[in-house]
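Read the structure below first, then the notes.
Residue numbering restarts at 1 for every chain, and letters A, B, ... go by the order of the sequence lines.
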Number of protein chains: 2
Amino acid sequence: MAYRETEKMRQRKAEARRRIVECTYECVAEGGFRSARITRIAGLAGVATGTIYRHFESREDLFAEIFRTATQKEVDKVAEALDTPGDATTRLENALRQFAERALRGPMMAWSLIAEPVDPKLEEERLVYRRAYAEHFERAIREGIAEGCIPDHDARQSSTCLVGAIAESLVGPLSPTLAGQNSLTETDKNRLVDSIVRFCVQGLTGSRR
Amino acid sequence: MAYRETEKMRQRKAEARRRIVECTYECVAEGGFRSARITRIAGLAGVATGTIYRHFESREDLFAEIFRTATQKEVDKVAEALDTPGDATTRLENALRQFAERALRGPMMAWSLIAEPVDPKLEEERLVYRRAYAEHFERAIREGIAEGCIPDHDARQSSTCLVGAIAESLVGPLSPTLAGQNSLTETDKNRLVDSIVRFCVQGLTGSRR
DNA sequence: ACAAAGAATGAATAATGATTCACTGCTTTT
DNA sequence: AAAAGCAGTGAATCATTATTCATTCTTTGT
């Protein structure tokens, strides 16, 4: 046994992996998953195409990791916003608002995560994460029901509707086909976010605020 | 000029085109757009693959026609349900309920139209049609506002949320990955439809019914 | 019956880009 | 310094289907 993996090597490899992930993220944030080419990613990361396959099974696998990491970050932010003090309705409102605002701030990545047509493997990940969002909302809804600020009905179903309403409302504005000519002003964005939040809160509580 | 297109020929061609469309529809209803192969469609329709290209520019174009026809039918049904006598809220409720029920009756086609990952050209069609749904809802919402049974706010935004909420609520149950083992009973379906409708109506009117 | 025009055919092609793998060269141990 | 093992390389391969087009078959008008 002449060669054995040493700490230095482990770190060098980890560093290469990190660069690959970083550059993939960049490519996706720039043009979505579909247009992110392995050769381009390798070029940016300063490695050969083959090297990518020493770190990831396949392109799909690489993308799946990017997708998971990026989406998990969003899910965490939602969870965090739902985990502040205050009544459930307000917390839900804040979470929805922050989610929409972040999406509008990084539109291409948001579109890729929410609505870009992707291969079945990624689509499955997407379903999982939509459920993850819904589950956080669901918990907050149940808390709201317990607190009495939300009337008692199917929390799970309502949470799914929440996810759908916000996603659908964002798809149009985020869509790259339209986003070119039709970029929203700050005022537009605020109006959009307000309307989404109002519908959702009303859908939950049954009351205007 | 020895050969001139005659009525008989025109009809024969139209018939071939019709069969191609019909068989494409079948293939899509069976496994979605992605898995519908030109060779298979040609085989079913009893023509050579090349013949398909005498009737359609490309596979995408053929699919686009199927997509448009199928979706337009759904849009029309929604429009029809919204165009009955009665107050706006009831009409909206019926339209939503019927839409969801039809989707659950033909799950694969519904999934293809609503959520299957498709090429950008089809995705664009999908956006157009989602807008079409939303516009019908929007009109009904405005009528509701005029009638006084829906409080006055951004009808357009609400209609988008409606479309999103119902689509999202159906994606899970329709998804072919899950739909296999996890097929819903009639009771489940009814419960699902009821919950969707309740959330939506409440989101619109701000009141439980 | 014949020629002209189109329609239909389907085997061959083309295009695309992910993936492979035989080779090079670097690290480590003795 | 020499051997052993692993990491990196990137040109070549592969796989997949939509699409083409030279050819054959049908229809029509004279």
Side-chain angles (χ1 to χ4, degrees), chain A residues 1-21 23-24 27-28 30-67 116-122, chain B residues 1-21 23-24 27-28 30-67 116-122:
Chain A
M1 38 146 172
Y3 173 93
R4 206 97 74 82
E5 186 178 63
T6 184
E7 188 51 30
K8 177 185 160 195
M9 271 290 113
R10 234 191 308 282
Q11 288 195 353
R12 186 185 291 186
K13 280 202 279 180
E15 167 60 18
R17 192 183 203 281
R18 202 195 50 70
R19 273 209 317 284
I20 292 169
V21 167
C23 295
T24 306
C27 283
V28 174
E30 193 183 300
F33 287 104
R34 177 183 291 259
S35 78
R37 303 269 159 260
I38 289 289
T39 48
R40 171 106 202 287
I41 294 166
L44 285 176
V47 297
T49 56
T51 304
I52 294 197
Y53 291 86
R54 301 199 141 266
H55 293 278
F56 297 91
E57 256 325 275
S58 67
R59 182 177 118 117
E60 268 197 325
D61 270 36
L62 168 58
F63 284 179
E65 172 155 336
I66 302 304
F67 188 96
E116 184 184 0
V118 293
D119 287 359
K121 199 168 187 173
L122 274 196
Chain B
M1 37 147 172
Y3 173 93
R4 205 98 76 81
E5 187 179 63
T6 182
E7 188 50 31
K8 176 185 161 197
M9 269 292 112
R10 233 192 309 282
Q11 288 195 354
R12 185 184 293 185
K13 279 201 279 179
E15 167 61 16
R17 190 183 204 280
R18 202 195 51 68
R19 272 209 319 282
I20 292 170
V21 167
C23 295
T24 307
C27 282
V28 174
E30 191 183 302
F33 287 104
R34 178 183 290 259
S35 77
R37 304 271 159 258
I38 288 290
T39 48
R40 172 106 201 287
I41 293 166
L44 285 177
V47 298
T49 58
T51 304
I52 294 197
Y53 291 87
R54 305 200 134 263
H55 293 278
F56 298 91
E57 238 356 77
S58 67
R59 182 177 118 116
E60 267 197 325
D61 270 35
L62 169 58
F63 284 179
E65 172 155 336
I66 302 304
F67 188 95
E116 184 184 0
V118 292
D119 287 359
K121 198 168 188 173
L122 274 196

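Proximity of a side-chain donor or acceptor of A:S35 to a complementary backbone N or O of A:G31 within less than 3.5 Å is detected. Checked by atom type and distance alone, the side chain of B:R54 never pairs as donor or acceptor with a backbone atom of B:K13 at under 3.5 Å. Here the side chain of A:E60 pairs no donor or acceptor atom with the backbone of A:D119 at under 3.5 angstrom. In this structure, the side chain of A:R34 does not engage the main chain of A:E116 through any donor-acceptor pair within 3.5 Å.
In this structure, A:E15 pairs ionically with A:R18, as a charged nitrogen and a carboxylate oxygen lie closer than 4.0 Å.
The NZ-C1' distance, from A:K121 to C:dA18, rounds to 14 Å in whole Å. Atom pair B:I52:CD1 and D:dT17:P shows a separation of 16 Å (rounding to whole Å applied). For the pair A:D119 CG and C:dG17 C1', the computed distance is 13 Å after rounding to whole Å. Atom-to-atom, CD of A:E15 to P of D:dA7 comes out at 16 Å; the value is rounded to the nearest Å. Here C:dT20 presents its P atom at 15 Å from CZ of A:F56, a figure rounded to the nearest Å. Atom NZ of A:K8 is separated from atom C1' of D:dA7 by 13 Å (rounded to the nearest Å). Distance B:Y53 OH to D:dC21 P: 13 Å, rounded to the nearest Å. As rounded to whole Å, 13 Å separates atom C1' of D:dA18 from atom CD of B:E57.
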Derivation of the side chain to side chain contact (heavy atoms under 4.5 Å, CB included) call for A:E65 and A:H55: CA-CA 11 Å; A:E65 172 155 336; A:H55 293 278; over 6 Å; no
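For the side chain to side chain contact (heavy atoms under 4.5 Å, CB included) criterion with A:I66, the lone passing option out of A:L122, A:V21, A:I20 is A:V21. B:M9 pairs in a side chain to side chain contact (heavy atoms under 4.5 Å, CB included) with only one of the listed residues (B:Q11, B:E7, B:R12), which is B:R12.
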Per-nucleotide protein contact string for nucleotides 6-15 of chain C (B base, S sugar-phosphate only, - none; heavy atom under 4.0 Å): SSBBBB----
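Contacts with DNA chain D (heavy atom under 4.0 Å) in residues 31-44 of chain B: B:R37, B:I38, listed by number.
Minimum interatomic distance between B:A36 and B:I41 (heavy atoms only, all atoms of both residues): CB-CD1, 4.4 Å.
Nearest nucleotide to the side chain of A:R59, out of C:dT19, C:dT29, D:dT19: C:dT19.
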